[in-house]
Chemist: 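So that we are looking at the same thing, I have put the structure below in structure tokens.
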Amino acid sequence: MKRIKPATGEIYHAYNRGVEKRVVFLENFDYLRFIHDLYEFNDSDPSPKLYIPAQFSEVRLPKIMENMEKKPRKLLVEILAFCLMPNHFHILLKQKIDGGISQFMQKLGTGYTNYFNQKYTRVGSLFQGKYKAVHIVQENHFLHLPYYIHLNPLDLVTPEWRDRKIKNLDESLNFLKKYKWSSYLDYIGIKNFPSITQRDFLLKFFDDHKNYQVEITKWLKELNLDQINDLILE
């Protein structure tokens with residue numbers, strides 16, 4: 001894929017997976033650390049060294065997250081939506097300043113890799129090369145992509161969702177409500193990691209939290225991934 005240079009004010013779907021498709025989140029604390037990095041590295045000022053020892057309880061990190069909004073920041077990007085999966089991640093981004101996406105993604109990838117390698121006593125690349133990004137131009141694509149990102153966790157329990165063969169829709173939706181590692185809960189009005197995302201822009205298209213839940217359920221029932229195959233990078 002030819003490397004694109006993100007333009008300020010434009011929206012992009014950024015994605016990367018573990019090298020050789022390896023798992024990059026081995027326990028809950030790893031997910032929490034990456035989510036913390038989404039916040040901490042979204043700043044044009046230099047970031048502090050962020051090693052959190054492996055022996056720290058995962059309870060410690062949410063307490064850090066609670067105080068995030070107290071720190072003034074100069075955002076590199078707006079994080080519109082995200083989802084973390086065991087071996088990859090999706091982030092929907094809007095660039096705030098020139099070079100913002102490249103700077104943010106470089107800081108994010110390097111910072112998490114350093115943490116992971118130190119914690120698990122390994123060396124070398126963790127992710128499959130540089131992040132991939134697709135420019136979102138058409139409005140209908142922009143409206144479909146948040147649904148796709150937030151539905152990714154269904155791969156863990158009912159991968160047949162991609163073929164419109166879900167056996168139990170209610171169970172699938174309940175699973176999404178229990179899956180913490182995405183922005184989905186914040187979009188349906190359940191406080192999860194509200195400091196990470198800038199949701200006002202997207203919610204203008206979906207009216208409100210309740211309507212977002214209604215629309216994503218409808219989209220899942222009428223699923224047609226052909227509409228966004230050129231945007232999902234898989």
Side-chain angles (χ1 to χ4, degrees), residues 1-4 6 12-68 71 73 76-77 79 81-93 99-134 149-150 152-157 159 178-184 192-193 195-197 232-234:
M1 180 181 296
K2 183 179 179 181
R3 174 65 50 177
I4 62 173
Y12 298 83
H13 175 210
Y15 166 97
N16 211 343
R17 62 160 55 99
V19 63
E20 297 178 344
K21 299 184 179 181
R22 66 156 294 152
V23 172
V24 295
F25 304 110
L26 297 176
E27 61 180 20
N28 285 353
F29 189 84
D30 298 336
Y31 287 101
L32 286 165
R33 171 55 193 250
F34 192 92
I35 289 170
H36 178 262
D37 288 354
L38 286 173
Y39 180 94
E40 192 68 45
F41 293 133
N42 190 12
D43 193 338
S44 58
D45 289 337
S47 298
K49 186 176 181 180
L50 287 179
Y51 176 61
I52 300 175
Q55 65 267 26
F56 274 29
S57 165
E58 69 181 56
V59 175
R60 296 288 298 275
L61 194 53
K63 290 183 179 179
I64 297 172
M65 310 270 305
E66 288 173 6
N67 296 321
M68 280 181 172
K71 177 190 172 185
R73 295 182 296 156
L76 297 167
V77 299
I79 300 175
F82 73 89
C83 181
L84 311 185
M85 296 290 287
N87 72 345
H88 68 276
F89 63 81
H90 297 271
I91 314 176
L92 189 63
L93 300 168
I101 287 180
S102 296
Q103 186 178 346
F104 172 69
M105 294 301 296
Q106 191 276 329
K107 291 166 71 175
L108 182 65
T110 300
Y112 184 76
T113 296
N114 288 343
Y115 153 81
F116 189 94
N117 285 354
Q118 188 172 357
K119 178 177 178 180
Y120 294 108
T121 318
R122 70 180 295 275
V123 296
S125 299
L126 178 62
F127 293 104
Q128 202 173 73
K130 293 183 178 180
Y131 73 93
K132 288 77 176 173
V134 174
I149 289 173
H150 287 150
N152 250 247
L154 293 182
D155 287 345
L156 302 175
V157 292
K178 296 176 183 178
Y179 192 82
K180 295 170 57 178
W181 317 122
S182 85
S183 53
Y184 174 68
N192 190 34
F193 297 114
S195 301
I196 304 300
T197 50
I232 59 180
L233 307 164
E234 296 179 84

Chemist: Please identify each residue that fulfils ring pair (Phe, Tyr, Trp, His ring centres under 6.0 Å) with Phe104, with sequence neighbours left out.
Modeler: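 With neighbours one apart ignored, the set is empty.
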Chemist: Compute the ring centroids of Tyr131 and Phe89, then answer whether they are less than 6.0 Å apart.
Modeler: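 Centroid distance Tyr131-Phe89: not below 6.0 Å, so no.
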Chemist: Please enumerate all residues that pass side chain to side chain donor-acceptor pair (under 3.5 Å) together with Asn16, with sequence neighbours excluded.
Modeler: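 With neighbours one apart ignored, the set is empty.
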Chemist: Can you name the residues that form a ring pair (Phe, Tyr, Trp, His ring centres under 6.0 Å) with Tyr12, not counting sequence neighbours?
Modeler: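 Only His135 meet the ring pair (Phe, Tyr, Trp, His ring centres under 6.0 Å) criterion with Tyr12.
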Chemist: With sequence neighbours left out, write down each residue that passes side chain to side chain contact (heavy atoms under 4.5 Å, CB included) with Thr110, or none if nothing qualifies.
Modeler: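 Testing Thr110 for side chain to side chain contact (heavy atoms under 4.5 Å, CB included), a comparison that skips the adjacent residues, returns Gln106, Asn114.
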Chemist: Could you pull out the closest heavy-atom pair between Lys119 and Asp30, with the gap in Å?
Modeler: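 Here Lys119 and Asp30 meet closest at NZ-OD1, 2.8 Å.
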Chemist: Can you give me the closest heavy-atom contact between Pro86 and Tyr179, atom names plus distance?
Modeler: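 Heavy atoms only, the tightest pair is CD-OH, 4.5 Å.
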Chemist: Mark yes or no: Arg73 above the aromatic ring of Tyr39, with NZ or CZ under 6.0 Å from the six-membered ring centre and no more than 45 degrees from the axis.
Modeler: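 Judged by the rule, Arg73 and Tyr39 form a cation-pi pair.
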Chemist: Just do the side chain to side chain contact (heavy atoms under 4.5 Å, CB included) check on Leu108 and Ile91 with the steps written out, would you?
Modeler: CA-CA 12 Å; Leu108 182 65; Ile91 314 176; 3.8 Å; yes
Chemist: So which atom in Asp155 and which in Met85 form the shortest heavy-atom distance, rounded to 0.1 Å?
Modeler: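 Here Asp155 and Met85 meet closest at CB-CE, 4.1 Å.
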Chemist: Does Ser44 have any side chain to side chain donor-acceptor pair (under 3.5 Å) partners at least two apart in sequence or in another chain, and if so, which?
Modeler: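 Listed in chain order: nothing, the list is empty.
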Chemist: Can you name the nearest heavy-atom pair linking Val24 to Phe116, along with the distance?
Modeler: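 Result for this residue pair: O-CE1, 3.2 Å.
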Chemist: So, using side chain to side chain contact (heavy atoms under 4.5 Å, CB included) as the criterion, who are the partners of Asn87 when residues are at least two apart?
Modeler: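 Applying side chain to side chain contact (heavy atoms under 4.5 Å, CB included) to Asn87 gives Lys21.
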Chemist: Between CG of Leu32 and CG of Asp37, what distance do you get to the nearest 0.5 Å?
Modeler: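 Interatomic distance, Leu32 CG to Asp37 CG, rounded to 0.5 Å: 11.0 Å.
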Chemist: Please report the interatomic distance OG(Ser125) to CD(Glu20), rounded to the nearest 0.5 Å.
Modeler: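 Going from the OG atom of Ser125 to the CD atom of Glu20 covers 10.5 Å.
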Chemist: Could you walk me through whether Tyr15 and Val134 pass the side chain to side chain contact (heavy atoms under 4.5 Å, CB included) check?
Modeler: CA-CA 9 Å; Tyr15 166 97; Val134 174; over 6 Å; no
Chemist: Would a distance-only check, ignoring hydrogens and angles, find a side-chain to backbone donor-acceptor pair under 3.5 Å from Asn42 to Leu76?
Modeler: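 It does hold such a pair.
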Chemist: Which heavy atom in Gly124 sits nearest to a heavy atom in Thr113, and how many Å separate them?
Modeler: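 Where Gly124 meets Thr113 most closely, the heavy atoms are O-CG2, 3.9 Å.
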Chemist: Sequence neighbours left out, what passes ring pair (Phe, Tyr, Trp, His ring centres under 6.0 Å) with Phe25? Give chain and number order.
Modeler: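 Phe25: ring pair (Phe, Tyr, Trp, His ring centres under 6.0 Å) contacts with Tyr31, Phe34, Tyr112.
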Chemist: About how many Å separate CG of Leu38 and CZ of Phe82, when rounded to the nearest 0.5 Å?
Modeler: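 Output value for this atom pair is 6.0 Å.
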Chemist: Just to verify, what does Ser182 make a side chain to side chain contact (heavy atoms under 4.5 Å, CB included) with, not counting sequence neighbours?
Modeler: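 Residues passing side chain to side chain contact (heavy atoms under 4.5 Å, CB included) with Ser182: Cys83, His150, Tyr184.
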Chemist: Which atom pair, heavy atoms only, marks the closest approach of Ile196 to Ile35?
Modeler: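 In terms of heavy atoms, the two residues are closest at CD1-O, 3.3 Å.
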Chemist: Any donor-acceptor pair under 3.5 Å linking the side chain of Lys130 with the backbone of Met105?
Modeler: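 No, the answer is negative, given that no donor and acceptor are paired below the 3.5 Å cut-off.
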Chemist: Which value, rounded to the nearest 0.5 Å, describes the distance between Arg17 atom CZ and Arg22 atom CZ?
Modeler: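 Answer for the CZ-CZ pair, Arg17 versus Arg22, is 14.0 Å.
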